[in-house]
Amino acid sequence: MKRTGPIKRKTPLKARQPMRRAKPNAQSNAQNSQKGRHKVQKVAQKAPARWRSPEYLAFVRMLPCCVCGAPADDAHHVIGLHWGLSGMGTTAPDSYAMPVCRSCHQDIHRLPELQRCQPGWLRHTISRGMREFKGDIREALVQAWRFIESKEAA
């Protein structure tokens, strides 16, 4: 069945109150504070910038898959360990990446048993990276190593 015209409302739309915009001024702020109304200002707290290194991620992708040993397609960032490294909309720093093939990558995201194996795979990847790199990359890897040790000791 084809419509011949636009859909018509059975009841018209009515505005409950006219929209008003109040201009902030000193007098209205003084009145609001006298009435006990206080505006709470929300301070946006930015998370610290995550360490990123395309050079290190390229190195990680050249390593064999840490799960099955096949050639790695992806640099998988650690997930699901409750360490505060990743979450909704955030990715762990690049120093917490490990090489995985595509099928193992999907399995890690799906299976909690594989997620629990990530610290060992990370230590193996980080140790290879510390032998390969110097400078800032090596320093970030040393910090990641210490962080993993502190979390496992707790």
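- Between Arg138 and Met130, the shortest heavy-atom contact is NE-O, 3.3 Å.
- When all heavy atoms of Cys101 and Pro71 are compared, the closest pair comes out as CB-O, 3.7 Å.
- The side-chain heavy atoms of Trp83 and Pro119, taken from C-beta on, include a pair separated by under 4.5 Å.
- With rounding to the nearest 0.5 angstrom, the CD1 atom of Ile79 is 12.0 Å from the CG atom of Leu85.
- Remark: Asp107 pairs with Arg110 by the side chain to side chain donor-acceptor pair (under 3.5 Å) rule, at least two apart or across chains.
- For Gly80 against Gln115, the heavy-atom pair with the smallest separation is CA-OE1, 3.8 Å.
- One hydrophobic cluster, built from ILVMFWY side chains closer than 4.5 Å, cannot hold both Leu57 and Tyr96; they sit in different ones.
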- Message: Go through it in stages, so that I can follow the logic: the residues are Ile126 and Trp121, the test is side chain to side chain contact (heavy atoms under 4.5 Å, CB included), and I'd like the CA-CA distance, side-chain angles, deciding distance and then a yes or no.
- Response: CA-CA 9 Å; Ile126 289 171; Trp121 297 332; over 6 Å; no
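- The CE atom of Met98 lies 14.0 Å from the CZ atom of Arg61; values are rounded to the nearest 0.5 Å.
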- Message: Between Ser53 and Ile137, does the side chain to side chain contact (heavy atoms under 4.5 Å, CB included) criterion hold? Intermediate values first, please.
- Response: CA-CA 8 Å; Ser53 173; Ile137 295 176; 3.7 Å; yes
- Message: Checking Phe147 against Gln143 for the side chain to side chain contact (heavy atoms under 4.5 Å, CB included) test, could you report, in this order, the C-alpha distance in whole Å, the side-chain angles of both residues, the deciding distance, and whether it holds?
- Response: CA-CA 6 Å; Phe147 180 80; Gln143 288 177 3; over 6 Å; no
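- Taking all atoms of both residues into account, the shortest heavy-atom contact from Arg50 to Pro93 is NH1-CD, 3.8 Å.
- Contact of the Leu141 side chain with the Tyr56 side chain is registered, since non-hydrogen atoms from C-beta on lie closer than 4.5 Å.
- Residues Arg128 and Arg123 are not in side-chain contact: their nearest non-hydrogen atoms beyond the backbone lie 4.5 Å or more apart.
- Ile108 contributes atom CD1, which lies 13.0 Å from atom CZ of Arg116 (distance to the nearest 0.5 angstrom).
- Residues Val100 and Asp73 have side chains not in contact (no heavy-atom distance under 4.5 Å, counting atoms from C-beta outward).
- Counting heavy atoms from C-beta outward, Thr91 and Ser86 have side chains that stay 4.5 Å or more apart.
- The distance from atom CG of Leu122 to atom NE2 of His76, rounded to the nearest 0.5 Å, is 8.0 Å.
- Between the NE2 atom of His105 and the CG atom of Asp74 there is a distance of 5.5 Å, given to the nearest 0.5 Å.
- Ion pairing of Glu139 with Lys134 is absent here, as no side-chain N (NZ or NE/NH1/NH2) approaches a carboxylate O to less than 4.0 Å.
- Note that CH2 of Trp145 and OG of Ser95 are 13.0 Å apart. Values are rounded to the nearest 0.5 Å.
- Closest of all the heavy-atom pairs between Pro64 and Pro99 is O-CG, 3.3 Å.
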